[in-house]
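Shown next, in structure tokens, is the structure this report addresses.
Letters A, B, ... are given to chains in the order of the sequence lines, protein chains preceding strands, and every chain is numbered from 1. A quick note: this is a predicted structure, and the numbers were derived from the prediction, not measured.
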2 protein chains.
Amino acid sequence: MSETLYSIGEFSRMSGLPVKTLRFYHDKQLLIPCYVEFDTGYRHYNLRNLEQSQVIKALRGLDFGLEQISRILEGQPDDGDILDFLETQKAALQSEIERRADIVQALDLIIARESDARKLMQTNDDRIVQKQLPPQLVGGIRHRGSYQDCATLFGKLGRALGRHIAGKAMMLCYDEEFREDDADFEPCMPIKRVVKKPQVHVREIPGGSCIALVHRGPYETLSRSYGRLMSYAKEHELVLQRPSREIYLKGPGMIFRGNPEKYLTEIQILVAEDPNGRPPI
Amino acid sequence: MSETLYSIGEFSRMSGLPVKTLRFYHDKQLLIPCYVEFDTGYRHYNLRNLEQSQVIKALRGLDFGLEQISRILEGQPDDGDILDFLETQKAALQSEIERRADIVQALDLIIARESDARKLMQTNDDRIVQKQLPPQLVGGIRHRGSYQDCATLFGKLGRALGRHIAGKAMMLCYDEEFREDDADFEPCMPIKRVVKKPQVHVREIPGGSCIALVHRGPYETLSRSYGRLMSYAKEHELVLQRPSREIYLKGPGMIFRGNPEKYLTEIQILVAEDPNGRPPI
DNA sequence: GGTAAGGGCTCCAGCAACTGGAGGGTCAAG
DNA sequence: CTTGACCCTCCAGTTGCTGGAGCCCTTACC
């Protein structure tokens, strides 16, 4: 009984696998045509090959590698451990899914921040305002030295507080006047709950009446905005309290340093209650 | 003001990228060392390179391709369309997640069936039993011809009924005696609800008292089991009804043909109610 | 002066699973 | 005899590296 043989082209149409792929599978010993003409090298396939091809297609569809498929096909007679293969594959896929899901989550965060910043950008003006600040729970690391160091410190804070962080990064500035090299400052992160971390000072900073403005531009020009706040205070006979606060509404992002001309920083300085009991305007 | 330069080894330790990778990135114009010695080819990196490397690392961590990273880095000054990149990437990742989730689901199904069959295998005997069958909603395609055709028919049924399928494949056999070539049979699938599909006959098949046994082995040997049922019926003076039913407990799987010696097929034949009103034993 | 260690360099190969193309042989019909 | 449809092999390219061979250079040590 002679069975019908099919050329690689016919077999390709029957199996749904491209000719190139069939040749490749032959090369890899995965799907060996039942007969190869010696002189021309022409491949000929039969129906058993068709069955094999369908198995291979199915397993490829389940994302098995060719190597694995080979092993599965070899160990087929005993048939017992196919379940292991399936379970292993499932686990592998699930861990890949998880990895990607994590990335998507991270992306979501970044996207949220970015479009947030975009919106801020549109609606910001640089007028001085007076407003009430609520008390705020923060964790901070006070430091004396150059402002250059704050990147490291924010890094440390971020790692220490992680998922407890509940707002934009900020800084408390304890200096009376601006110092470049020997400044006294405290990078802070708002947090939701009290957490104990080594090196991190966690406590509530007070609320109250403050004067504030949103500074636009690189940090080097912050002193101009401080100047404006000072003269405003003098003009309105307000007594200011240290430390002043800088809220980094938009600064260097998690990925890009961004354009410093577009950085937004809110400066807040608490106003001392008037000793006469007159409420601050 | 001369800035410090770092050799590729030092820079590798600072950036956390392997030396090989740094050379590769240089080759790809992704991270170009600020200075390359002309005669030795030695690469030298500066702190700006370090920043770039961190951006690249971050983007790689978000699964961006090098090509994309290049484009992002190039279009950085305007800075506007970064959000598009992020959204695109997120969408891409999500579709990958979905694909894998689909595969996992399919794997689950296969695993369930397989371990199901495994369990059946252990606990099966081939004794004849009498039992009550509930009525069952099925969709079937009646056919006259060779049993060879049933693979195609089951395929058609599967595609037509898809997710409505609610149990093992089965077949109704209308022939009085076994025929090889001109058989009259109907591949069926149990379903949950009435659905209308062209070419598929959907209806409820009756329940009632039946005799049944589980046949183990290839379909070619089914007639032996039919024989046993017949002589049992004669012995117990039971009148049998057509069509008989074959339930394919374990047959060729979705991927593998499996070992026919291990196929399990339950044969059920309804028993006509005794005309005397005596309940069947 | 030899040599070993520790950097650096280039170029080549390989992973996975194909895909595309060049260049050439085979077969049947018109 | 040509045309067109097939078929073949071999090579290159995809992505993001990784490993190795083979070579150069400097420094330290014996």
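For Glu37(A), the CD atom is densely surrounded, since the number of other residues' heavy atoms within 6.0 Å is greater than 12. Within 6.0 Å of CD in Gln105(B) there are 12 or fewer heavy atoms belonging to other residues, nucleotides or ligands. Atom NZ of Lys156(B) has 12 or fewer heavy atoms from other residues, nucleotides or ligands within 6.0 Å.
Rounded to an integer number of Å, the gap from CG of Leu59(A) to C1' of dA16(C) is 17 Å. The CG-P distance, from Leu17(A) to dC18(C), rounds to 9 Å in whole Å. Rounded to an integer number of Å, the gap from Ile56(B) CD1 to dC17(D) C1' is 14 Å. Rounding to whole angstrom units, CG of residue Leu22(B) and P of dG8(C) are separated by 10 Å. Atom CD1 of Ile8(B) is separated from atom P of dT10(C) by 9 Å (rounded to the nearest Å). In this structure, Leu5(A) atom CG and dC6(D) atom C1' are separated by 17 Å, rounded to whole Å. Between Phe11(A) atom CZ and dC6(D) atom P the separation is 17 Å, expressed in whole Å. The distance from atom CZ of Phe64(A) to atom P of dC18(C) is 15 Å, rounded to the nearest whole Å.
Below the 3.5 angstrom threshold, one finds a donor paired with an acceptor across the side chain of Lys20(A) and the base of dG21(C).
Proximity of a side-chain donor or acceptor of Glu3(A) to a complementary backbone N or O of Asn46(A) within less than 3.5 Å is not detected. A donor-acceptor pair is defined here as one N or O able to donate and one able to accept, closer than 3.5 Å; no such pair exists between the side chain of Thr265(B) and the backbone of Ile247(B). For the pair Lys57(B) (side chain) and Leu17(B) (backbone), a donor-acceptor distance under 3.5 Å is absent. Distance alone, capped at 3.5 Å, places no donor-acceptor pair between the Ser12(B) side chain and the Ile8(B) backbone. Using a distance-only test at 3.5 Å, with no hydrogens or angles considered, a donor-acceptor pair links the side chain of Asn49(B) to the main chain of Cys34(B).
Residues from residues 23-46 of chain A that place a heavy atom under 4.0 Å from any atom of DNA chain C, listed by number: Phe24(A), Tyr25(A), Tyr42(A).
Axis orientation changes by 50° from one end of the helix from dG1(C)-dC30(D) to dG30(C)-dC1(D) to the other, with each end axis drawn from 5 pairs and the value rounded to 10°.
Of the listed nucleotides (dG16(D), dC6(D), dC9(C)), dC6(D) has the atom at the smallest distance from the side chain of Ser7(A).
Ring geometry for Phe11(B) against Tyr45(B) counts as parallel: the plane angle stays under 30°, on a 0 to 90° scale with 60° as the upper cut.
Thr21(B) has a side-chain polar atom (N or O) that falls below the 4.0 Å cut-off from OP1 or OP2 of dT18(D).
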